[in-house]
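Structure first, commentary second.
Side-chain atoms are counted along with the backbone in the values below, which use heavy atoms only and exclude waters and symmetry mates.
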Amino acid sequence: ILNFTSIDLFLCNQTGCNFGCQSPSNCEASDTRPVAYNTTLSSFDDAPEICFVDPLIRFSYTGLVNTTTVHGVPILVNAIHSALLRQSLIKATNFTNSQNGTFSFSADDTIPSITVRNYPLPFTAQSARIFQGIIAFTAAIFALFAFAFVPAPMISYVVLEKEEANNIKHLQLVSGVSIPAYWISLYAFDVVRYLIPFFSALLMIKLFNIEAFLDRNALEAVAIVFFGYGLGVISFTYLISHFFRKHTTALIWIIIINVITGLTLMITSFAMASIPD
């Protein structure tokens with residue numbers, strides 16, 4: 001909530017005086033510090049010095065601003081003050097013309113305006129660490145849910161091959177395929193298939209510039225962790241596939257197990273990392 005009170009817009013009394021109305025000998029006691037504007041040069045330099053008397057407009061307002069809009073506050077303030085400036089110029093022009101009938105802006109004059117520039121303050125070291133931690137945690141959440149689905153088709157295919165309605169694995173073993181050859185070929189195929197999400201994840205980290213995964217050559221460590229996860233989760237998937245008889249049930253449970261264990265361990269890791277030594 002913004003609350004601006006006692007915004008005074010002054011009207012020129014056309015009294016010339018030295019720069020610095022603080023001196024009673026130059027200006028009346030009720031006058032304030034003079035402000036001069038050169039319409040030709042669009043500058044406050046080299047312009048006739050003017051003293052101001054009582055404010056022509058006294059204005060106050062309260063604004064409700066959504067803080068999620070970063071530039072909302074300066075835009076609001078600039079819009080209101082620009083409107084007040086236009087109103088004061090109109091009234092000042094009318095007042096001056098009523099006095100001597102000679103004042104007006106020519107075509108070559110630059111009408112006074114207000115320009116606002118907004119730039120956030122730099123992060124402190126502590127704020128930067130907190131912000132990067134939030135970004136890293138969010139990215140880890142998305143990666144967790146994405147990689148939780150990776151072993152789902154692997155276990156589904158393994159369980160499907162041994163279902164009684166299909167017996168694909170049994171047919172291969174009867175045809176002369178050895179058990180080591182069966183599992184090695186299946187493992188090699190799943191490793192090659194895992195390379196697609198593996199490289200896609202690294203590319204997304206690079207494109208979106210997630211600094212927590214890029215600073216101090218962290219991308220190499222992330223790549224090793226992702227690749228190690230792929231090798232480990234494939235073996236884990238083959239291991240627990242023996243506990244299921246339906247491929248649909250296996251698909252659902254492998255996703256649940258990966259999400260729960262991954263989320264729990266990740267939260268535990270972040271909590272322990274935040275504990276000071």
Any donor-acceptor pair under 3.5 Å from [X] side chain to [Y] backbone:
X      : Y      : value
Thr249 : Arg245 : no
Thr264 : Thr261 : no
Thr237 : Val233 : yes
Ser127 : Phe123 : no

Got [X] and [Y] here, is their nearest side-chain heavy-atom distance under 4.5 Å?
X      : Y      : answer
Phe213 : Ile210 : yes
Leu263 : Ile141 : yes
Thr115 : Arg117 : yes
Glu163 : His247 : yes
Val191 : Leu231 : yes
Tyr229 : Pro151 : yes

Decide if atom CD of Glu220 counts as having more than 12 heavy atoms of other residues, nucleotides or ligands within a radius under 6.0 Å.
->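 Yes - once you tally the heavy atoms of other residues, nucleotides and ligands closer than 6.0 Å, there are more than 12.
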Approximate separation, where rounding is to 0.5 Å, of [X] [atom1] and [Y] [atom2]:
X      : Y      : atom1 : atom2 : answer
Glu161 : Leu186 : CD    : CG    : 6.5 Å
Ile135 : Asn209 : CD1   : CG    : 10.5 Å
Ile155 : Ile252 : CD1   : CD1   : 11.5 Å

What side-chain donor-acceptor pairs closer than 3.5 Å can you find for residues 193-204, not counting sequence neighbours?
| unit_1 | atom_1 | unit_2 | atom_2 | d |
| --- | --- | --- | --- | --- |
| Arg193 | NH2 | Asp190 | OD1 | 2.8 |
| Tyr194 | OH | Phe226 | O | 2.4 |
| Ser200 | OG | Ile196 | O | 2.7 |

Parallel, tilted or perpendicular: ring planes of Tyr238 versus Trp183, cut at 30 and 60 degrees =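 Ring orientation, 0 to 90° scale: tilted.
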Same cluster for Ile234 and Phe149 if Ile/Leu/Val/Met/Phe/Trp/Tyr side chains link at under 4.5 Å?
->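 Different clusters.
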